[in-house]
Amino acid sequence: MPALMSGARMLLECLVREGVECLFGYPGGVTLPFYDAMYDHPIRHVLVRHEQNAAFAAEGYARATGRVGVCCATSGPGATNLVTGLVDAMMDSIPIVAITGQVSTKLIGSDAFQEADTFGITRSCTKHNYLVKTLAELPQVIHEAFYVASTGRPGPVLVDIPKDVFQGQGHYHPVSSIHLPGYKVYTEGHMGQIRRAAQMIWESERPFVYAGGGIVAAGAAAELRELVEIIDAPAVCTLMGLGALPGDHPNFISMPGMHGSYAANMGMYSTDLLIALGVRFDDRVTGRLSSFAPHAKVIHVDIDPAEIGKNRKADLPIVGDVKRVLERLNPLLRELKPELGERKAAARRACWRQIRAWQQEHPLAPVFSDTEIKPQHVMVEINRLSAGKAIVTADVGQHQMWAAQFIRFSEPRQWICSGGLGSMGFGLPAAIGAQFARPDKLVFAVLGDGGFQMSVPELSTIASYGLPIKIVVVNNGYLGMVRQWQELFYNERYSESITSDVPDFVKLAEAYGIPGRRVDTEADAEAVLREALRTPGPVLVDCRVPQGENVYPMVPPGSGIHEMVGVKP
Amino acid sequence: MTNRILTVIVNNRMGVLNRITGLFLKRGFNIQSITVGPTETEGLSRMTIVLNVDDERVVEQVVKQLHKQIDVLKVSDITDVPNVVRELVLIKVNSSVQNRAEITTLIEPFRASIIDVGRESVTVQATGRPEKLDALIALLRPYGIKELARTGITAFPRDTETVNEMARVRPSTLYV
């Protein structure tokens with residue numbers, strides 16, 4: 001008979017068994033037994049300054065590694081503060097496990113102090129959630145939670161644990177198997193469908209690869225690259241998929257969508273075969289659906305059957321893990337190449353000529369200035385200094401789009417941002433998670449002044465752990481993307497988008513013990529950023545960019561992606 | 001707009017009904033009726049959901065989203081297969097001593113019965129397909145209906161396998 005141990009201790013045993021190295025959290029009343037058990041346990045707990053940031057940091061950890069990120073909060077307000085992070089992880093399919101404390105089982109339903117219906121509140125924003133009512137079921141639930149979070153289409157799982165379950169004493173029996181008859185993951189892909197896909201690809205004149213976050217989640221970057229090279233097709237990576245193809249790959253024609261490149265969007269508009277891999281036809285990519293890739297047949301590979309046909313009908317659906325599917329599609333394509341490869345070669349060459357012409361006529365070109373520091377130029381400098389090697393986390397808004405346009409990533413998991421939910425305040429805590437996950441890597445946190453002010457308290461976390469994150473604030477004193485939309489679509493009525501009372505970020509950083517530098521011109525930028533990289537530990541760089549800069553090109557809301565505005569002449 | 005009948009076999013666990021109805025809410029699907037009850041297998045419940053949809057793709061999306069729920073073992077759209085569909089209605093209808101016999105005669109072809117008699121009303125109980133109950137209600141309406149309660153339908157395919165067998169067989173319609 002194994003020795004008696006507390007529920008809190010049992011939870012730690014389960015986490016260790018799942019390979020958890022660190023968790024991000026904030027203690028509180030009902031999680032006191034758990035924190036007490038942690039006190040002399042080797043697992044690393046990272047104390048953030050707000051529970052929302054615990055969830056974002058866990059996401060940053062998961063996004064940087066592909067492993068499950070773990071966060072922890074107390075009942076009531078602790079749990080409700082996690083919600084934004086859970087929705088964020090749900091939207092971007094990020095595997096995290098959230099552990100929340102709950103009031104004791106006898107008090108549940110009595111409106112006890114710091115009681116909230118966490119199980120009910122988080123039902124719709126998790127892949128699955130649990131309320132653990134007895135200690136006996138705790139180990140099973142924890143291992144199920146990790147299994148569900150990390151398999152199939154990844155996502156957040158929450159486990160709500162009442163205080164008396166943490167405190168109870170029981171015998172720990174390691175869980176050897178997980179039996180979830182209602183949970184089925186289709187990984188292999190239908191071989192007949194894969195064969196048909198190979199045939200369709202060689203028969204098309206203008207095949208076009210549309211690769212998304214699913215490539216990153218599946219670890220299928222090598223297979224994607226192989227596919228693109230076998231068929232020599234133009235390829236785009238979505239905001240969630242950036243890095244899936246190396247940014248300098250000749251077939252990579254940047255990001256598609258609302259702020260994508262002209263060539264990417266026109267290429268998608270005119271293709272006759274869209275090869276959609278681990279994507280969900282998000283509205284920010286497709287623009288007006290009725291005029292999205294109107295001439296194209298669609299091959300759609302996704303591990304989630306519900307994504308297929310959700311927004312765009314798939315002519316050839318393949319449900320499966322995109323890595324497994326490509327592992328079998330690529331050899332077939334190679335096999336068929338001698339027989340079919342030349343058939344449409346002339347049309348394909350013409351298609352490439354057209355794409356190159358679009359790229360040349362309307363490149364994604366940064367703007368430069370002698371007198372000020374343009375926000376695009378900040379990204380160009382970060383791109384130069386990171387040389388495709390750094391991890392870059394971004395917040396949400398204009399700077400996020402500029403970073404996506406101008407920073408090139410050589411592999412997946414270097415680019416970390418809140419895509420689907422667009423949560424401001426994400427970038428800084430995500431950088432914390434990423435830096436803990438990858439202590440060997442240079443991490444930039446690229447933030448707007450609005451999002452930074454939502455996450456300022458985390459400077460304290462960064463300082464206390466001495467995390468060498470290079471924080472770059474693209475500071476225009478405006479909620480830039482809101483301002484841009486007000487300029488373009490609301491008759492320049494700048495309602496509540498001015499934040500020009502922003503504090504002095506350099507002094508603010510210094511108050512937290514983090515050196516701060518200010519950049520006003522392009523001449524400053526390189527020197528200050530270089531110095532920031534030489535400085536050990538965290539540095540904050542406050543880039544005072546002009547207020548009126550807009551992100552272009554742009555697909556106006558409700559337009560087709562071939563109807564971009566602000567395309568450079 | 002057409003009605004589709006889905007039967008869903010779920011784990012009988014805390015919060016499952018909430019998961020299902022919440023999913024419909026989140027995705028903007030409109031539930032016409034929903035009934036839940038135990039099956040012949042302990043631990044499993046059957047839900048019968050009637051959806052009112054104007055697009056086949058909505059049903060497809062509903063079925064796929066239901067499948068993703070970990071507590072859902074099996075989903076079937078049984079609208080177009082031979083099925084057994086039943087609903088129960090209770091109707092409290094105004095009735096005096098004078099017309100009680102008339103009402104009794106009226107409801108007889110519906111195999112309905114009077115299950116409670118008051119001084120000014122009788123309560124009629126009937127089961128059947130929803131259209132039959134609609135017809136009965138229409139006939140009784142002129143007398144004045146004081147209260148009406150319908151259960152919503154419960155259903156399964158005719159000559160169905162047992163739940164146990166169904167839970168083992170996963171659907172083949174998902175291109176896998």
Side-chain angles (χ1 to χ4, degrees), chain A residues 87 90 108 117 119-133 137 144-145 147-149 151-153 155 157 160 178 180-194 196 300-314 316-321 325, chain B residues 6-29 39 41-47 53 55-77 163-176:
Chain A
V87 186
M90 189 72 175
I108 289 178
D117 175 18
F119 184 63
I121 289 168
T122 60
R123 194 231 345 110
S124 73
C125 59
T126 50
K127 185 173 170 185
H128 197 56
N129 65 355
Y130 298 88
L131 170 57
V132 182
K133 287 220 160 157
E137 60 186 310
E144 270 183 30
Y147 177 71
V148 170
T151 52
R153 179 179 183 172
V157 177
D160 199 26
I178 285 172
L180 290 169
Y183 180 65
K184 180 89 174 120
V185 178
Y186 308 101
T187 54
E188 291 307 294
H190 190 282
M191 199 57 211
Q193 295 287 88
I194 294 173
R196 279 187 278 281
H300 192 178
V301 183
D302 204 286
I303 200 160
D304 180 359
E307 281 307 329
I308 290 180
K310 186 182 80 178
N311 292 339
R312 168 71 183 246
K313 183 178 162 288
L316 188 86
I318 301 176
V319 177
D321 181 304
V325 171
Chain B
L6 303 182
T7 69
V8 187
I9 307 296
V10 299
N11 286 323
N12 183 7
R13 278 204 197 128
M14 178 183 63
V16 171
L17 180 61
N18 182 254
R19 283 186 202 283
I20 304 297
T21 55
L23 184 154
F24 280 77
L25 184 66
K26 174 178 173 181
R27 302 274 167 188
F29 306 139
T39 64
T41 307
E42 206 184 316
L44 297 186
S45 298
R46 177 190 303 274
M47 292 187 182
V53 295
D55 185 349
E56 275 300 304
R57 285 173 56 196
V58 173
V59 185
E60 185 189 321
Q61 187 59 211
V62 170
V63 170
K64 286 174 167 178
Q65 292 294 346
L66 285 169
H67 269 299
K68 281 168 68 171
Q69 292 292 322
I70 283 159
D71 284 322
V72 169
L73 298 182
K74 163 93 180 167
V75 187
S76 334
D77 181 346
V163 166
N164 272 335
E165 279 167 304
M166 288 166 74
R168 229 178 293 139
V169 181
R170 294 297 301 189
S172 58
T173 53
L174 297 171
Y175 317 108
V176 292

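Worth knowing before you read on, the calculation uses all heavy atoms, side chains too, and leaves out hydrogens, waters and symmetry mates.
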Inset, instruction - To the nearest 0.5 angstrom, please state how far the CZ atom of R123(A) sits from the CD1 atom of I20(B). - result: 9.5 Å
Legend entry - Euclidean distance, I308(A) CD1 relative to E60(B) CD, rounded to 0.5 Å: 9.5 Å
Inset, instruction - Select one option (side chain, backbone, both, neither) describing which atoms of L25(B) are under 4.5 Å from chain A's heavy atoms. - result: neither
Inset, instruction - With rounding to the nearest 0.5 Å, note down the distance linking CG in D71(B) to NE2 in H128(A). - result: 5.0 Å
Legend entry - Atom pair CD/CD of Q61(B) and E307(A) - distance to nearest 0.5 Å: 7.5 Å
Inset, instruction - Heavy atoms only, distances under 4.5 angstrom: which of R13(B), Q65(B), R57(B), Q69(B) has the most pairs with chain A? Name it, please. - result: R57(B)
Inset, instruction - Report yes if some heavy atom in the side chain of K310(A) is under 4.5 Å from a heavy atom in the side chain of K64(B); otherwise report no. - result: no
Legend entry - A306(A) backbone acceptor or donor facing K68(B) side chain under 3.5 Å: no
Legend entry - Part of D304(A) within contact of chain B (heavy atom distance under 4.5 Å): side chain
